[in-house]
Amino acid sequence: MKGVYLGIDLGTSAVKLLAVTRRGDIAGEADESYPAIYPAGGMCEQSPYEWIAAISRAMRKLNLGKGDVLGIAVGGQMHGSVVLDGDGKSVRPCILWNDGRSHEETKYLNETVGEEALVRMTGNIAFAGFTAPKLMWIKRNEPENFARIRKIMLPKDYVVYRLTGSFTTDMSDASGTLLYDVGRGEWSEEMCRICSVGRDMLPEVLRSYEIAGRLNEEGAELLGLETGIPVMAGAADNAAAATGTGAIGAGGCNISLGTSGTVFVCTDDYKRGGGEMHSFRHADGGYHLMGCMLSAAECNRWWTELVCRSDYSAEQADMPAPGSAGVLFLPYMMGERSPHNDTDARSVFVGMRPSTTRAEMGLAVMEGVSFGLRDILDRAGVRVDRARICGGGARSALWRRITASALGVTLETVATEKGPAYGAALLAMTGCGEYNSLKEACDACVRVTDEILPDGELKARYDELYKVYAGLYPALRQTFRNMRGI
């Protein structure tokens, strides 16, 4: 397998590794899972040490020779608060992107500091998943731990730190901290002051395909490779996934049906974000608008595995015709980010009758997630006609058809849909000079294999159902608040 690039996807439940040739072919892949910790309702944490151990185990499965790898890059879950002490040890478990404990800090930032001021300072308003409110929560609830913090980084940056010793991040991941001024391209001194974060606690910000460092002795031992291999700064998982489907440059769009669901719209120019869409930097150095719903394919996993205790493909085989379930589902299993920014929101089935079947409810789950993606687009006023689609849920032909018609968007699938790991490999190629630009790497390696057009009749049916769906959250908002803590 000599002469490959290693792409690492540090996901929420597992790490995925890809060995990719110079021309974009998959030469090997491996994955390893790790647990999440749920200390209380709405909280979700992970140990950074678990990530490193899982990467090392996956590398043994991949079985690469010590000199096989030309370059490495990591795409990783966003927003997590990895905090280290002066000896480089983890002060506490990482608070993950889907953790809602910082709702009070988020409320303070949006209402007391003010959304207008936040957008001016960073380009975005506060969400409970972002890094800044998590740090404020640690300061308020764990002052002893906060006092020990010397380094703050994102999950994938911790991996780079352990492999190289370099304290860096990239622009796409820095954008999701609410400590970074997206428009100016630098850490916001005002936000650092508000959050009691010293500038020296934050990493150097690089482009995603820039070399952050080279594999040191510890990193080489962990991966079973030679020292000195270039390691790129890497990218946030959604930016890496969009790169992996070739969604870069103005007009590009990527829709992800992963654990979470995202609408990722590429732009050349900086546009300030708001309640519906985040304004972040992209892995190619440009910009993107992104709306994220916290639970997408996770809703389907919950329904098939935990509720029905059945196989996903078997459940799909019994599905009624799309649009015929007569049941609607709100996909707010972990609260919701875009477009409602409400940690109290919860999932609900509406419209069940004595004759409602399990299959109809399963269809409603898939349709509810697709309506959630449309909710982001409609409220943000973003016009999209064509998009690439990725994520575990996108492997379902039925779900792709549902999503295309619910959004009224032509969806393209690509030959190699391997999520952030594949995008990370393209970043490694670019950083090592295999290609002159990230666009050139995408043009050479990413191939569209199929497209799904909206079905006119089904789209008309979904337009009617969506009108009802869009009214459910406003009608239930106060109910969700009343249920807080129950």
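On a predicted model such as this, the values are computed, not experimentally measured, just so you know.
- Every residue meeting the side-chain hydrogen bond (donor to acceptor under 3.5 Å, both in side chains) condition with His79, not counting sequence neighbours, appears here in chain and number order: Arg337.
- The only member of Phe264, Tyr270, Tyr287, Tyr209 that meets ring-ring contact (aromatic ring centres under 6.0 Å, His included) when paired with His282 is Phe264.
- Scanning for side-chain hydrogen bond (donor to acceptor under 3.5 Å, both in side chains) contacts around Asp157 gives Thr169, with sequence neighbours left out.
- Arg484 has a carboxylate O that lies under 4.0 Å from a charged side-chain N of Asp344, or vice versa, which qualifies the two as a salt bridge.
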Distance-only donor-acceptor pairs under 3.5 Å for side chains of residues 364-383, two or more places apart:
from, atom 1, to, atom 2, distance (Å)
Glu367, OE2, Gly323, N, 2.7
Glu367, OE2, Tyr462, OH, 2.6
Ser370, OG, Met366, O, 3.3
Ser370, OG, Trp399, NE1, 3.4
Ser370, OG, Thr403, OG1, 2.9
Arg374, NE, Asp378, OD2, 3.3
Arg374, NH1, Ala406, O, 3.2
Arg374, NH1, Asp463, OD1, 2.8
Arg374, NH2, Asp463, OD1, 3.4
Asp375, OD1, Arg379, NE, 2.6
Asp375, OD1, Tyr466, OH, 3.0
Asp375, OD2, His340, NE2, 3.2
Arg383, NE, Asp385, OD1, 3.0
Arg383, NH2, Asp385, OD1, 2.7

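- Taken from OG in Ser172 to CE in Met78, the straight-line distance is 6.5 Å, to the nearest 0.5 Å.
- Side-chain contact check for Ser279 and Lys271: no donor-acceptor pair (N or O, by modelled atom type) lies under 3.5 Å.
- Every residue two or more places apart in sequence or in another chain that forms a side-chain hydrogen bond (donor to acceptor under 3.5 Å, both in side chains) with Arg184 is listed here: Glu186.
- Trp303 places a side-chain heavy atom less than 4.5 Å from the side chain of Cys308.
- A donor-acceptor pair shorter than 3.5 Å cannot be found between the side chains of Thr267 and Asp269.
- Residues satisfying the ring-ring contact (aromatic ring centres under 6.0 Å, His included) test with Phe127, not counting sequence neighbours, are Phe130, His278.
- The CD1 atom of Ile55 lies 5.5 Å from the CG atom of Leu10; values are rounded to the nearest 0.5 Å.
- Side chains of Thr262 and Asn238: a donor-acceptor N/O pair is present below 3.5 angstrom, by distance only.
- Checking each of Asp237, Thr131, Thr12 against Trp97 for a side-chain hydrogen bond (donor to acceptor under 3.5 Å, both in side chains) leaves exactly one that passes, namely Thr12.
- Using a cut-off of 4.0 Å between Lys/Arg side-chain N and Asp/Glu carboxylate O, Glu104 and Arg140 are scored as not salt-bridged.
- Of the N and O atoms on the side chains of Asp181 and Ser188, not one donor lies less than 3.5 Å from an acceptor on the other residue.
- Thr410 places none of its side-chain heavy atoms less than 4.5 Å from the side chain of Ile452.
- Applying the salt bridge (charged side-chain N to carboxylate O under 4.0 Å, His left out) rule to pairs touching residues 404-430 yields Glu29-Lys418, Arg386-Glu412, Arg388-Glu412, sequence neighbours excluded.
- Asp342 is listed as a side-chain neighbour of Tyr473, based on a closest heavy-atom distance under 4.5 Å.
- A salt bridge does not link Glu464 to Arg461: none of the charged side-chain nitrogens sits closer than 4.0 Å to a carboxylate oxygen.
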Report the C-alpha distance between Glu190 and Arg120 in whole Å, list the side-chain angles of each, state the deciding distance to 0.1 Å, and finish with yes or no for salt bridge (Lys or Arg N to Asp or Glu O under 4.0 Å). CA-CA 10 Å; Glu190 291 177 272; Arg120 175 181 56 78; 3.2 Å; yes
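- Ser405 places a side-chain N or O within donor-acceptor distance of the main-chain N or O of Asp455, the cut-off being under 3.5 Å.
- Residues Ile8 and Val15 are in side-chain contact: their nearest non-hydrogen atoms beyond the backbone lie under 4.5 Å apart.
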